Amino acid sequence: GVSGGRLMPEYLIELIAQAAAVSSGYDALALGRPAGGGMLAGVDGFSFSGRAAAGREVRIETEEKFVFGALKMIHGEVFDGPELLAAGDIKVWEEFGPDEKQ
C-alpha cells in the first residue's frame, strides 16, 4: 500500500518475499521440475532506513542464507538508487511434491 504518496514498510517486506519467490521458481524450472508453492512464515530483524515514493523504481536484492528441509531463511534489501530503504530476513516455507527431494 501507499500512504501519503509513500510506500508503507509492509510493502517493502512483501517486495523481498515476492523477489525470493521468483528466484525459487526460476531455480525449480531450471532444474526441470515444477515450481512449488510457498508461504511467508516469518519476518526477522527488519530495519527501514528510508521511504520509497510511489512510482519510483526500486531494486531488490536477496540472498539465501540457509535451507533446512522446506524452510529457507532469506536476507533481502530494497534500494532506491544507491539509498537503502529496507533490510531484513524472511523465513519461507516451500511445499514439495511427493516425488521431490527436500
Side-chain angles (χ1 to χ4, degrees):
V2 177
S3 176
R6 298 281 185 181
L7 297 175
M8 297 175 67
E10 298 85 359
Y11 185 76
L12 300 176
I13 294 171
E14 185 62 21
L15 287 176
I16 291 171
Q18 291 300 322
V22 168
S23 176
S24 181
Y26 176 82
D27 290 347
L29 293 175
L31 294 171
R33 59 182 175 92
M39 70 177 80
L40 182 61
V43 176
D44 190 30
F46 260 83
S47 62
F48 302 95
S49 52
R51 294 193 62 188
R56 295 276 304 173
E57 186 174 310
V58 296
R59 183 178 80 253
I60 304 135
E61 296 181 6
T62 62
E63 178 184 2
E64 193 174 274
K65 298 305 262 184
F66 75 84
V67 178
F68 183 74
L71 184 67
K72 286 184 177 182
M73 174 73 81
I74 298 166
H75 179 76
E77 298 177 340
V78 180
F79 295 89
D80 180 350
E83 181 186 2
L84 178 65
L85 301 178
D89 298 322
I90 61 171
K91 296 174 185 117
V92 178
W93 183 268
E94 289 190 349
E95 297 175 11
F96 293 93
D99 299 330
E100 294 180 63
K101 293 180 181 177
Q102 297 186 15

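Note: hydrogens, waters and symmetry copies are ignored here, and every other heavy atom, side chains too, is used. In this text the structure is predicted, and so the values were computed from the model without any measurement.
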Give me the atom names and distance for the closest heavy-atom approach of [X] to [Y].
X	Y	result
G50	E83	CA-OE2, 3.7 Å
D89	M73	CB-SD, 3.5 Å
E77	A87	CG-CB, 3.9 Å
H75	G88	ND1-O, 3.3 Å

Non-hydrogen side-chain atoms of I13 and F48 separated by less than 4.5 Å =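 The answer is yes; the side chains approach within 4.5 Å.
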Any side-chain heavy-atom pair from E64 and S23 closer than 4.5 angstrom?
->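 No - every pair of side-chain heavy atoms lies 4.5 Å or more apart.
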State plainly whether one hydrophobic cluster holds both [X] and [Y], where clusters connect Ile, Leu, Val, Met, Phe, Trp and Tyr through side-chain heavy atoms under 4.5 angstrom apart.
X	Y	result
I74	V43	yes
L31	L29	no
V58	F79	no
Y11	V92	yes

Between S49 (side chain) and L84 (backbone), is there a donor-acceptor pair under 3.5 Å?
->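 Confirmed, S49 side chain pairs with L84 backbone.
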Using 0.5 Å steps for rounding, measure from the [atom1] atom of [X] to the [atom2] atom of [Y].
X	Y	atom1	atom2	value
L40	Q18	CG	CD	9.5 Å
R33	D27	CZ	CG	8.0 Å
L85	I60	CG	CD1	10.0 Å

Apply side-chain contact (heavy atoms from CB on, under 4.5 Å) to F46 and I16, showing your working.
-> CA-CA 11 Å; F46 260 83; I16 291 171; 3.7 Å; yes
Heavy atoms of other groups near R59 CZ, more than 12 under 6.0 Å =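 Yes, because the 6.0 Å sphere around CZ of R59 holds more than 12 heavy atoms from other groups.
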